[in-house]
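Remarks on the structure that follows.
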Amino acid sequence: MKTVFENQIQLPTHVPVLLEEVLTALGPERGGWFVDGTLGLGGHTEALLRSSPAVRVLAIDRDQEAAAQALERIAPFRDRVRYVHADYRQLPQILQEQGISSVAGILADLGISSWQLGKPDRGFSFQTAGPLDMRMDPSQGPTAADLVNSLAAEDLANVIFDYGEERASRRIARRIVDARTKQPIETTDQLADLIRKAVPGFGKQRIDPATRTFQALRIAVNRELDDLDLFVSQAIEYLEPAGRLAIITFHSLEDRLIKHAMRQAAGIVETTESRYLPPSLQHQIKPRVTLVTRKPIIATEAEIDRNPRARSAKLRVCEKI
Ligand SMILES: C[S@@+](CC[C@H](N)C(=O)[O-])C[C@H]1O[C@@H](n2cnc3c(N)ncnc32)[C@H](O)[C@@H]1O
C-alpha cells in the first residue's frame with residue numbers, strides 16, 4: 001500500500017450518484033476525517049472537500065489509473081487528502097498505518113465507474129471488444145479470461161448463477177467449455193458472442209443476454225461480495241459517536257448483504273436467527289448503530305434522466321451510537 005499523487009491521463013467521465021443525498025447523510029459541515037473507500041474519479045470526495053475547509057478525506061481505491069485522475073481533479077485540496085492504493089476491506093490496517101483512530105464518516109460507492117466500464121482495455125464491457133480482464137486492480141489476481149478458461153463447467157455455472165442470477169447458467173457454461181477446447185476465450189466480444197448463442201431468443205430480450213454473465217464474472221474476479229458484512233462491522237468500529245456509514249449498492253446481491261449487516265449492527269436480528277438464540281443471549285445483542293435509512297434512498301426521476309446509471313443505486317446509512 002503506498003500513498004501516491006500522479007498526473008492526469010484522461011478526462012473523467014463518471015457522474016457521482018446520489019450526491020446530495022450522500023452529503024446530507026454524512027454531514028461533512030462538522031469537519032473531521034472522512035473515508036471515501038471507493039474514490040473512483042473523485043466525484044463524492046470532491047464534494048466532501050468543498051463542503052467545508054475542516055473536512056479531510058482518506059481516499060481509497062484499488063484502481064490506481066482511476067485514482068490518478070481523481071487526484072488531479074482534487075489537486076486544489078491536496079493538503080486535505082490522502083490517497084491509499086488498497087482494497088477498502090483492509091480499512092482497519094489502512095487507518096492504523098495512517099495513524100487515524102476514528103473518523104466522522106465513511107462512504108463506499110460500490111462496483112465500477114462508468115469510466116472503467118467505458119475503457120475497452122479493462123475488459124468490463126460486452127459492448128466493446130477488448131481483452132477479457134475485468135480486474136479493478138490490474139496488478140492483482142486472476143483475470144476473467146483465467147476463470148473462463150480454467151474453471152470446471154459446474155463451478156463456472158455456479159458463478160454465473162450465484163452472481164449473475166442467470167437461469168441459463170448451465171447452458172452458458174457448457175457452451176464456454178465446448179468453445180475453449182478449440183481455442184482459449186481471450187476477448188470480451190468472443191465471450192459475448194458465445195453467451196448470445198447459448199441463450200435462445202437473443203434480440204427479443206430487453207437486456208443483452210451477456211449482461212448477467214459479465215456481471216457475474218466481474219463479481220467473481222474482484223471478489224466483490226466477499227467480507228462485505230465484515231467491512232460494515234469494522235467500519236462502524238472506527239466511527240466516532242454519531243459518525244455515519246453510507247453505502248451505495250447497484251444490485252440486489254450487494255444490497256441484501258449491506259442491509260443485513262447494518263440491521264445486525266443495529267441489534268435487529270432476523271426472526272429466523274433469534275429463534276435459535278437462547279433467551280439468555282437475546283438481550284445481549286447490543287446495538288452499535290441506529291439505522292438512518294430503514295428503506296434505501298433511491299435516485300429521483302430527474303437524476304435518472306441525467307444519469308441513467310443512478311436507476312439501480314440504493315443508499316443505506318447508519319449512525320454510530
Ligand atoms: C462506482 S465507482 C466510485 C465512483 C466515485 N464515487 C466517484 O464519484 O467518482 C467505484 C470505485 O470503487 C473502486 N472499488 C471497488 N471495489 C473496491 C474495493 N474493494 N476496494 C477499493 N476500491 C474498490 C473501483 O475501482 C471504482 O473506482
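Order of appearance sets the numbers: ligands from 1, and atoms from 1 within every ligand. Starting from 1, each residue takes its place in the sequence as its number.
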- Which atoms of ligand 1 are found less than 4.0 Å from any heavy atom of Ile112? 1 (C), 2 (S)
- By number and element, which atoms of ligand 1 are closer than 4.0 Å to a non-hydrogen atom of Leu41? 7 (C), 9 (O)
- Item | Nearest option to atom 22 (N) of ligand 1, as decided by whichever heavy atom of Arg73, Arg62, Arg122, His44 sits closest | Arg62
- Salt bridge flag under 4.0 Å for residues Arg89 and Asp226: no
- For Ser233 and Arg288, test the side chains for any donor-to-acceptor distance below 3.5 angstrom and give the result as yes or no. yes
- Task: State the atoms of ligand 1, each with its element, that fall below the 4.0 Å cut-off from a heavy-atom position in Pro16.
- Result: 8 (O)
- Item | Top protein contact for atom 14 (N) of ligand 1, by heavy-atom distance | Met136 SD, 3.7 Å
- Task: Identify whether the distance between the nearest side-chain nitrogen and carboxylate oxygen of Asp121 and Lys119 falls below 4.0 Å.
- Result: yes
- Item | Selection from Asp63, Asp61, Leu110 by shortest heavy-atom distance to atom 27 (O) of ligand 1 | Asp61
- Task: Provide the number and element of each atom of ligand 1 under 4.0 Å from a heavy atom of Gly42.
- Result: 7 (C), 9 (O)
- Should the pair Lys314-Glu254 be classified as a salt bridge under the 4.0 Å nitrogen-to-oxygen rule? no
- Return yes if some donor-acceptor pair links the side-chain N/O of Arg82 with the main-chain N/O of Val57 below 3.5 Å, else return no. no
- Query: Where on Gln116 is there a heavy atom closer than 4.0 Å to ligand 1, on the side chain, on the backbone, on both, or on neither?
  - Reply: side chain
- Note on the structure: Which of Gln93, Arg62, Gln140 passes side-chain hydrogen bond (donor to acceptor under 3.5 Å, both in side chains) with Asp87? It is Arg62
- What's the shortest distance from atom 4 (C) of ligand 1 to any protein heavy atom, and which residue and atom give it? Asp109 OD2, 3.3 Å
- Does Arg122 pair with Asp133 as a salt bridge, N-O distance under 4.0 Å? no
